[in-house]
Visitor: 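After the structure tokens below, expect a handful of questions from me.
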Amino acid sequence: MQSTEFLPVCRADMTARGWDVPDFVYVTGDAYVDHPSFGVAIISRVLEAAGYRVAILAQPDYKSAEAFREFGRPRLGFLVTAGNIDSMVAHYTAAKKRRSYDYYSPGGKMGNRPDRAVIVYCNRIREAYGDVPIILGGLEASLRRFAHYDYWDDKVRRSVLVDARADILTYGMGENILLRIAALLDRGVPVKKIRDVRGTVYLCQREDSVHYPVAAAFDYNELKVDKRRYAEAFGVQYRNQDSISGKAIVEYYDSKMLVQNPPMPPLEREELDRVYALPFARTYHPMYEKEGGVPAIEEVRFSVTHNRGCFGACNFCALAFHQGRTVRSRSIESVVEECKKITEMPDFKGYIHDVGGPTANFRAPACDKQLKAGVCTNRKCLAPTPCKNLKVDHSEYIKLLEAIEALPRVKKVFIRSGIRFDYLLADPDESFFKKLVRDHVSGQLKVAPEHCADGVLDAMGKPHFAVYEKFRRRFFELTKSMGKEQYLVPYLMSSHPGSTLGDAVALAECLKRDRYAPEQVQDYYPTPGTASTVMFYTGIDPLTMKPVFVPRDYHEKQLQRALLQFNRPQNAAAVREALRKAHREDLIGTAPHSLVRPAAGGAQGQMSQTRKEGKRGEKPSNALGKGRKMPTRQARPESPKQGKAQARKGDAVRGKASAKRKSSR
């Protein structure tokens, strides 16, 4: 029997249901939100639908083992996750500074989960119950399943499975993986004997046999000191993340052997429909009401996810390592049914905020070959140019949007997930482009050119800048023809591997030409599980094994970031220093093309002058155009009124503001 009642969060809840013991205790570093945008909600509801009793232990007090005894010893085991994002990313900025706000905790309060949460939680569980089965999952575990470079420790750490002392690690999307593990445990199979489930990682003795063919074996003692070998290992891992072509991968830890089995196949449409039809309460647990609720729900309360996976494969995005590069989507009927539930919510005002996913305009695999042979291991589907086998079709997405628009209480349907503009331009039929501009932009559309330098874009795995220029010109042409005033909010990234100081200057010049001033810029953040992080650590592109320039010096990173916000008075000294280092003193002056004025008295200044100049309120040398006033933490959008100036080659770049990519985004 399905019920929208929240799952037990304490012993009293469990007793009220008539349970003496749960089958699983699900430990999470996030507050408990029963919404399909949260992994804990999906997995717990899937297990519940299969007949298992699941209790939720959300953000337990990790300073002792006592909180982990709340439900007693579970019949089958503990499930452990850090939450929707890696705990270190949740706690620290790209500058390694402690964050002051936690979107996944009640009231946004920091301190409710530990650093390296899955390790801490597992150690407390072992302290409480000894050899009880522990299964790891979620993003933190998935992206740290192999030996991995850790930005915060600045070294290669062991697999999180080794450090956490858990029994099994699940990676990728976990519904079928957990159902298989649960069934085996329920039959009495010892957790140490579960070694053939796809989508899992386990530890065994070095001499043990492996169930699947092995692609390669690596030794941690070598990986932690040999950067080239580390890059090679990541390349093998990346090329074996497809459920059709992928093989097992082995890492040795002294006398132990870590084995990653091949990935679990993605959920097909009928399976996805069943998952999203489960009885989610669609909000946070009422126990958080007194603290103001859980902020993360606000982004997704009136939004729906229609797809999974992404064949965009940006090098700085962990999706390829988690959801995978093959796309699956829900049926139109399933998404419409979820939207009906949204329209029945008491605070629904008539607006569906997003119909998206990792990339909003993907509905199917990139080509027919992927269904039989898996994704290509030697090239990407879209970058640097679209593959000749790419199938581009927005027709079903249009039908989906139209079906949602037809619902009685729906006034407007917006698309706020990222649009892959190179895929959109590859469609010879402009029907979706026109519909997007006419019906689905809430005043501004977020897009992600990331940079203007093609060499940097190659390192990112992104299309060249000319593709974005073509998209932007057509966007504003359509906007004008429809009599609308709409904007682009381009995301920009500073200091990505491959980006020299000269590249950052070129981007600043581009911003100057386009009269675009990003209020927020994302400094590249090396997180586990991405090719870009391997580049950052090794100086090698793991997909080509070619050397890559890396701006690792903190001061240089500050200079690159300052260039992207050259108009700010407090950045003036840093911008002058960067221009001198790049031998571009021609951009220091009062001419129309200049990025920054000379320092007072003719000296060009150092960064030590920054605070003084900021107080004087030195005026920026560029006009910001007629972009509409934006909230403080958001980038000023590109205005369609910039028109012809933006149509020039080398004009508008989008300002990348989002440090919270789900990439998922």
Side-chain angles (χ1 to χ4, degrees), residues 172-173 234-246 263 265-269 306-329 356-397 417-429 432-433 447-451 454 456-468 470-471 491 498 529-532 534-535 541-544 661-665:
M173 308 309 285
F234 182 89
V236 172
Q237 294 158 14
Y238 184 90
R239 289 186 285 272
N240 283 275
Q241 295 311 306
D242 183 82
S243 62
I244 296 175
S245 61
L267 297 189
E268 298 298 340
R269 177 162 291 187
H306 73 90
N307 62 12
R308 280 188 182 177
C310 180
F311 51 77
C314 301
N315 286 340
F316 52 77
C317 179
L319 272 166
F321 227 55
H322 187 62
Q323 289 195 16
R325 291 167 55 202
T326 182
V327 171
R328 297 293 188 272
S329 60
T359 297
N361 54 326
F362 291 171
R363 286 284 292 169
C367 66
D368 293 334
K369 171 183 172 291
Q370 288 187 358
L371 296 172
K372 296 179 180 179
V375 298
C376 294
T377 59
N378 60 347
R379 72 148 296 155
K380 297 187 177 186
C381 302
L382 285 168
T385 57
C387 174
K388 64 179 182 179
N389 296 318
L390 180 69
K391 292 180 65 176
V392 184
D393 186 0
H394 290 92
S395 59
E396 189 181 47
Y397 192 31
S417 295
I419 289 286
R420 190 74 191 215
F421 56 81
D422 48 350
Y423 182 76
L424 186 153
L425 288 176
D427 192 342
D429 183 351
F432 173 67
F433 203 164
V447 284
E450 307 294 355
H451 215 283
D454 288 344
V456 180
L457 292 169
D458 286 341
M460 291 178 168
K462 298 286 291 186
H464 286 181
F465 190 60
V467 180
Y468 173 69
K470 181 179 178 181
F471 164 78
Y491 291 157
T530 74
S532 295
V534 179
M535 295 181 209
D541 183 338
L543 306 182
T544 65
R661 242 177 220 156
K662 283 186 179 179
S663 158
S664 75
R665 186 155 140 24

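Because the structure is a prediction, the values reported are computed rather than measured.
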Visitor: Of all heavy-atom pairs between Gly312 and Phe362, which one has the smallest distance, and what is that distance?
Guide: N-CE1, 3.8 Å
Visitor: Can you confirm if the aromatic rings of Phe234 and Phe321 lie within a centre distance of less than 6.0 Å?
Guide: yes
Visitor: Roughly how far, to the nearest 0.5 Å, is CG of Asp429 from CG of Asp393?
Guide: 8.5 Å
Visitor: Please find the pair of heavy atoms, one from Cys310 and one from Leu319, that lie closest to each other, and give the distance.
Guide: CB-CD1, 4.1 Å
Visitor: Between atom NE2 of His451 and atom NZ of Lys462, what is the distance when rounded to the nearest 0.5 Å?
Guide: 13.0 Å
Visitor: Nearest 0.5 Å please: distance from the CZ atom of Phe471 over to the OH atom of Tyr423.
Guide: 15.0 Å
Visitor: What pairs with His394 under side chain to side chain donor-acceptor pair (under 3.5 Å), at least two apart in sequence or on another chain?
Guide: Asn361, Asp427
Visitor: If only atom types and distance count, is the side chain of Ser417 paired as donor or acceptor with the main-chain N or O of Gly357 below 3.5 Å?
Guide: yes
Visitor: Measuring from Cys314:SG to Met460:CE, what's the distance to the nearest 0.5 Å?
Guide: 9.0 Å
Visitor: Side chains of Pro365 and Arg328: closer than 4.5 Å at any heavy-atom pair?
Guide: yes
Visitor: So which atom in Asn307 and which in Ala360 form the shortest heavy-atom distance, rounded to 0.1 Å?
Guide: ND2-O, 4.1 Å
Visitor: Counting N and O atoms only, with roles assigned by atom type, does the side chain of Asp458 sit under 3.5 Å from a partner on the main chain of Pro384, one being a donor and the other an acceptor?
Guide: no
Visitor: Rounded to the nearest 0.5 Å, how far apart are CG of Asp368 and CG of Asn389?
Guide: 9.0 Å
Visitor: Contact between Arg308 and Pro358 at the side-chain level, heavy atoms closer than 4.5 Å - yes or no?
Guide: no
Visitor: Calculate, to the nearest 0.5 Å, the distance between atoms NZ and CG belonging to Lys470 and Asp422 respectively.
Guide: 11.0 Å
Visitor: Provide the closest heavy-atom pair for Leu457 versus Phe465 in the form atom of the first, atom of the second, distance.
Guide: CD1-N, 3.4 Å
Visitor: Could you tabulate the donor-acceptor pairs under 3.5 Å formed by side-chain atoms of residues 372-383, not counting sequence neighbours?
Guide:
from	atom 1	to	atom 2	distance (Å)
Arg379	NH2	Thr385	O	2.8
Lys380	NZ	Ala313	O	2.7
Lys380	NZ	Asn315	OD1	2.3

Visitor: For residues Phe311 and Ala364, report the shortest heavy-atom separation together with the two atoms involved.
Guide: CE2-O, 3.4 Å
Visitor: Just wondering, are more than 12 heavy atoms of other shown residues or ligands nearer than 6.0 Å to NZ in Lys369?
Guide: yes
Visitor: Parallel, tilted or perpendicular, judged at 30° and 60°: which one describes the rings of Tyr397 and Phe432?
Guide: tilted
